[in-house]
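Note sheet for the following structure.
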Amino acid sequence: MQILNELIETLGLKLPITLIVRTRSNKLCDAYYLPIHSDRTAKLKGHKVVIYTKDVQRSFDTLLAHELIHAWQEENKKYETHGKHFKKLAKQLESKFNLTEIYIEGVDEK
């Protein structure tokens with residue numbers, strides 16, 4: 001899982017990440033991100049990323065990068081889903097890690 005650590009470092013993520021890999025498919029998505037908030041204070045305390053591995057459109061590393069950008073957005077209070085910050089980071093990660101299609105126009109919601 002070296003790429004996980006490299007993506008975390010590149011994005012400057014500070015909070016813990018729970019990564020769950022499901023060896024089945026999901027009709028709705030290939031992966032998803034959920035912020036983890038404190039029950040008492042509602043403060044962000046971590047990140048949860050779930051990645052499905054069966055019948056997916058993108059590579060595992062690409063899906064991981066995509067969801068970790070959402071974690072970066074949450075830590076940096078950039079609540080835009082797939083807006084300008086997301087697209088900029090996607091291009092940077094694609095170049096640095098030789099990935100493709102972290103963001104797919106027309107497939108990823110806006």
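Counting begins at 1 with the first residue of the sequence.
For His85 and Gln73, the side-chain atoms include no donor-acceptor pair closer than 3.5 Å.
Separating the CG atom in Asp61 from the CD atom in Gln2 is a distance of 10.5 Å, to the nearest 0.5 Å. Between atom NZ of residue Lys27 and atom OH of residue Tyr52 there is a gap of 12.5 Å, rounded to the nearest 0.5 Å. From His47, atom NE2 reaches atom CG of Leu15 across 4.5 Å, with rounding to the nearest 0.5 Å. Note that CH2 of Trp72 is 16.0 Å distant from CD1 of Ile8, once rounded to the nearest 0.5 Å. Rounded to the nearest 0.5 angstrom, Asp39 CG and Lys45 NZ are separated by 6.0 Å. Between the CG atom in Leu4 and the CG atom in Leu68 there is a gap of 6.5 Å [rounded to 0.5 Å].
Residues satisfying the side chain to side chain donor-acceptor pair (under 3.5 Å) test with Lys91, not counting sequence neighbours, are none.
By the 4.0 Å N-to-carboxylate-O rule, Arg58 lies close enough to Asp108 to be salt-bridged with it.
Contact of the Ile51 side chain with the Ile20 side chain is not registered, since no non-hydrogen atoms from C-beta on lie closer than 4.5 Å.
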Check the pair Lys87, Glu105 against side-chain contact (heavy atoms from CB on, under 4.5 Å), reporting the backbone distance first and the verdict last.
-> CA-CA 10 Å; Lys87 291 174 187 176; Glu105 187 79 38; 4.2 Å; yes
Going through the checks in order, is the side-chain contact (heavy atoms from CB on, under 4.5 Å) test met by Phe97 and Thr10?
-> CA-CA 10 Å; Phe97 294 99; Thr10 299; 3.5 Å; yes
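A donor-acceptor pair under 3.5 Å links the side-chain atoms of Thr53 to the main chain of Arg22, judged by distance alone. For Glu101 (side chain) and Thr62 (main-chain N/O), no donor-acceptor pair under 3.5 Å exists by modelled atom type. Of the possible donor and acceptor atoms, none in the side chain of Glu67 sits under 3.5 Å from a partner among the backbone N and O of Val49. In this structure, the side chain of Glu75 engages the main chain of Lys14 through a donor-acceptor pair within 3.5 Å. Counting only distance, with no hydrogens or angles, the side chain of Asn76 and the backbone of Lys78 share no donor-acceptor pair below 3.5 Å.
Ring-centre distance between Phe86 and His66: below the 6.0 Å cut-off. Residues His70 and Tyr32 keep their aromatic ring centres 6.0 Å or farther apart.
Under the 4.5 Å side-chain heavy-atom criterion for ILVMFWY residues, a single connected hydrophobic cluster contains both Val21 and Leu99. Hydrophobic clustering, with ILVMFWY side chains joined whenever heavy atoms are under 4.5 angstrom apart, keeps Leu19 apart from Ile36.
Ring orientation note: the planes of Tyr103 and His82 are tilted relative to one another, at an angle of 30° to 60°.
Looking at every heavy atom in both residues, Leu63 comes nearest to Asp30 through CD2-CB, 3.8 Å.
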